[in-house]
Amino acid sequence: MSGRVQGVGFRAWLERRARERGLSGWVRNLRDGTVEAVFAGPAGPVDAIIDLCRSGPPHARVEVIERYETEPPAIPGFQIRPSD
């Protein structure tokens, strides 16, 4: 996700929303100012969290979301990873 997504509480906001929906995965800031996230779970909740990411928390401005299929994370639960 790119736009104004760092310094606005995006990772903590996303962690709460993902856990509320029972999703596994992770979120982290990247050096280029974007946020990267992986979601694993049923298609409906995954689609719903991606839709929520389009607006994000207060003060965020999401301009672009790129979606890719990948392997689900090996560890259950959703966590904030250190920045890359």
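Everything numeric here is computed off the predicted structure, so don't read it as measured data.
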Undergrad: Scan the side chains in residues 73-84 for donor-acceptor partners under 3.5 Å anywhere in the protein, sequence neighbours excluded, and list what turns up.
TA:
none

Undergrad: Sequence neighbours excluded and cut-off under 3.5 Å, please list the side-chain donor-acceptor pairs for residues 6-15, or say none.
TA:
unit_1	atom_1	unit_2	atom_2	d
Q6	NE2	L30	O	2.9
Q6	NE2	T34	O	2.8
E15	OE2	R19	NH2	3.1

Undergrad: Not counting sequence neighbours, which residues clear salt bridge (charged side-chain N to carboxylate O under 4.0 Å, His left out) with R16? List them please.
TA: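 Checked R16 against salt bridge (charged side-chain N to carboxylate O under 4.0 Å, His left out); zero matches.
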Undergrad: Identify, with sequence neighbours excluded, every residue that meets ring-ring contact (aromatic ring centres under 6.0 Å, His included) alongside W26.
TA: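 Counting only residues at least two positions away or on another chain, W26 forms no ring-ring contact (aromatic ring centres under 6.0 Å, His included).
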Undergrad: Side chains of residues 59-69: which donor-acceptor partners sit under 3.5 Å, not counting sequence neighbours?
TA:
unit_1	atom_1	unit_2	atom_2	d
R61	NE	E63	OE2	3.0
R61	NH2	E63	OE2	2.9
E66	OE1	Y68	OH	2.4
R67	NH1	D47	OD1	3.1
R67	NH2	D47	OD1	2.9

Undergrad: Which residue pairs pass the salt bridge (Lys or Arg N to Asp or Glu O under 4.0 Å) test with at least one member in residues 29-41, sequence neighbours excluded?
TA: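 Counting only pairs at least two positions apart or across chains, the salt bridge (Lys or Arg N to Asp or Glu O under 4.0 Å) contacts touching residues 29-41 are R28-E36.
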Undergrad: Would you say that L52 contacts R21 through its side chain, given a criterion of any heavy-atom pair below 4.5 Å between the two side chains?
TA: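 Yes - at least one pair of side-chain heavy atoms lies under 4.5 Å apart.
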